[in-house]
Amino acid sequence: VVGRIFMGLTIEKTVRYDHMDVLKNIVSICCQNDSKKYSFFYEEDDSYLFGHPGFFYFSDDSNNILGFICLSGIDRQNFDVCGFVLPAYRNNGIFSQLLTAVKEEYKNINLSFPLPAHCKNAAEVLRKNNFRYSDTECKMSLNLKNLIIYPSEFDIDITESGKGAQQCAFFKDDFFVGSCSITLINDSYCILSEVEIIKKYRGLGLGAHLINCLLGYLDEINIDKIILHVTKSNIPAFRLYQSMGFVVDSSLDYYCLNL
């Protein structure tokens, strides 16, 4: 049982390295308590974002951090947000006060808060702070082991772009029809992104041929698993990946606020 505590809000404009271990420990405690694996994004440059603080701490009168919000700048207009409050101190309004501090500090920007679907209380706090549900992002995967891959009508051209990244261009009868990017994480799996069929070939069912051609290439280089992220609102892409055998591993609901 948590007794009466005197709390104060502390805004840090640069992250202190001794704080990082504390923040990571809070995330670990939340993961263990909720039986979930949460993401805590942080880059060193994010501690000070375009003249604004990247971290908001909520501390008690002994300077023990009870909760925090972290912002990550996509650009000067758009920011991803994540936040955690120690389980013993939830339902004390800490999360809401942290959000209020963020809203007071930042103006004329867009905030995006990814939230696991089971976090009903956090979603309610976000809605009370004028965040609106925007979309659901799904992490999907496909195991290539024992997968039947049919001969492709496409040709593929690979361009290395460093750090395991490859740009893939697809051709049918020597005509360029689409492209994608893959990132080889290790010898056994990769991440797929930026799948695109050029405009004049869309609606012809070529997406399945593109993916099939890519799977053939990945099988040749002994990749066992492929992972991608897609929003549920992108119905054609979501259905395409399902039809190719991809399954949803996890999902995040995104809540957005324009300040």
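What you see is a predicted model; the values in this text were computed from it and never measured.
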Could you walk me through whether L71 and L111 satisfy the side-chain contact (heavy atoms from CB on, under 4.5 Å) test, starting with their C-alpha distance in whole Å, then the side-chain angles of each, then the deciding distance to 0.1 Å, before giving a yes or no? CA-CA 9 Å; L71 285 84; L111 300 179; 4.0 Å; yes

Shared ILVMFWY cluster between I185 and V195, side chains joined below 4.5 angstrom? no

Could you give the distance from NE2 (H229) to SG (C138), rounded to the nearest 0.5 Å? 9.5 Å

Do R90 and N33 have side-chain heavy atoms sitting under 4.5 Å apart? yes

Would you tell me whether T159 and Q167 have side-chain atoms, one donor and one acceptor, within less than 3.5 Å of each other? no

Heavy-atom count check: over 12 atoms from other residues, nucleotides or ligands less than 6.0 Å from Q32 CD? no

Could you check whether any side-chain N or O of N64 sits under 3.5 Å from a backbone N or O of D60, counting only pairs where one atom can act as donor and the other as acceptor? no

Just by distance, do the side chain of D173 and the backbone of F175 share a donor-acceptor pair under 3.5 Å? no

I need the minimum non-hydrogen distance between N92 and Q97, along with the two atoms involved. O-NE2, 4.4 Å

Counting distance only, does the side-chain N/O of N186 pair as donor-acceptor with the main-chain N or O of Y189 below 3.5 Å? yes

Tightest non-hydrogen contact, residues R76 and I109, listed as O-CG2, 4.0 Å

Could you walk me through whether S193 and T183 pass the side-chain contact (heavy atoms from CB on, under 4.5 Å) test, one step at a time? CA-CA 8 Å; S193 62; T183 303; 5.5 Å; no

Show, in sequence, the C-alpha distance, side-chain angles and deciding distance for C168 and I182, and conclude whether the side-chain contact (heavy atoms from CB on, under 4.5 Å) test is met. CA-CA 8 Å; C168 308; I182 59 173; 4.1 Å; yes

Determine, using the 4.5 Å side-chain heavy-atom cutoff (strictly less than), whether Y133 and F238 are members of one ILVMFWY cluster. no

When rounded to the nearest 0.5 angstrom, what distance separates CD1 in I211 from CG in L218? 9.5 Å

So Y241 and L142, do their side chains get closer than 4.5 Å, heavy atoms only? no

Suppose we call two aromatic rings close when their centres sit under 6.0 Å apart. Are F95 and F113 close by that rule? yes

Hey, quick one: are I197 and I235 part of the same hydrophobic cluster, counting side-chain heavy atoms closer than 4.5 Å, chains of contacts allowed? no

State, with a plain yes or no, whether a side-chain heavy atom of S28 is found less than 4.5 Å away from one of I26. no

State, with a plain yes or no, whether a side-chain heavy atom of F56 is found less than 4.5 Å away from one of E105. yes

Nearest atoms (heavy-atom pairs only) where L98 meets G67: CD1-C, 4.0 Å

Test of understanding: clusters of I, L, V, M, F, W, Y form through side-chain heavy atoms closer than 4.5 Å, transitively. Do I158 and F170 belong to the same one? yes

side-chain contact (heavy atoms from CB on, under 4.5 Å), that's the test. Do E124 and K120 meet it? Break it down for me. CA-CA 6 Å; E124 181 62 25; K120 304 298 183 184; over 6 Å; no

Does D249 have more than 12 heavy atoms from other residues, nucleotides or ligands lying within 6.0 Å of its CG? yes

SG-CG distance between C30 and N25, expressed to the nearest 0.5 angstrom: 9.5 Å

With S141 as partner, the option from L228, I191, V248, I227 fulfilling side chain to side chain contact (heavy atoms under 4.5 Å, CB included) is I227

Give the ring-plane orientation class for F84 versus F68, where under 30° counts as parallel, over 60° as perpendicular and anything between as tilted. tilted

Would you give me the side-chain donor-acceptor pairs under 3.5 Å for residues 252-259, sequence neighbours excluded?
from : atom 1 : to   : atom 2 : distance (Å)
D253 : OD1    : T136 : OG1    : 2.7
Y254 : OH     : E137 : OE1    : 3.4
Y255 : OH     : R127 : NH1    : 3.4

Distance from L214 atom CG to F154 atom CZ, nearest 0.5 Å? 12.0 Å

Could you measure the distance from the CG atom of L215 to the CG atom of L210? Nearest 0.5 Å is fine. 9.5 Å

Side chains of I69 and F58: closer than 4.5 Å at any heavy-atom pair? no

Which pair of non-hydrogen atoms, one from V125 and one from N129, has the smallest distance, and what is that distance? O-ND2, 2.9 Å

Closest non-hydrogen atom pair, A169 against F176: CB-CE1, 3.9 Å

Check: Y217 and I223 side chains under 4.5 Å, non-hydrogen atoms: no

Check whether L240 and V247 end up in the same hydrophobic cluster, where Ile, Leu, Val, Met, Phe, Trp and Tyr are linked by side-chain heavy atoms less than 4.5 Å apart. no

Considering all heavy atoms of both residues, which atom of V230 and which atom of A237 are nearest to each other, and what is their separation? CG2-CB, 4.0 Å

Side-chain (N212) to main-chain (Y150) donor-acceptor, under 3.5 angstrom: yes

Indicate yes or no for a side-chain donor-acceptor contact from T100 to the backbone of S96 under 3.5 Å, with no hydrogens or angles considered. yes

Would you compute the distance between atom CG of L144 and atom CG of L147 and round it to the nearest 0.5 angstrom? 5.5 Å

Can you tell me if N143 uses its side chain to pair, donor with acceptor, with the backbone of K145 under 3.5 Å? yes

So does K103 have more than 12 non-hydrogen atoms from other groups sitting under 6.0 Å from NZ? yes

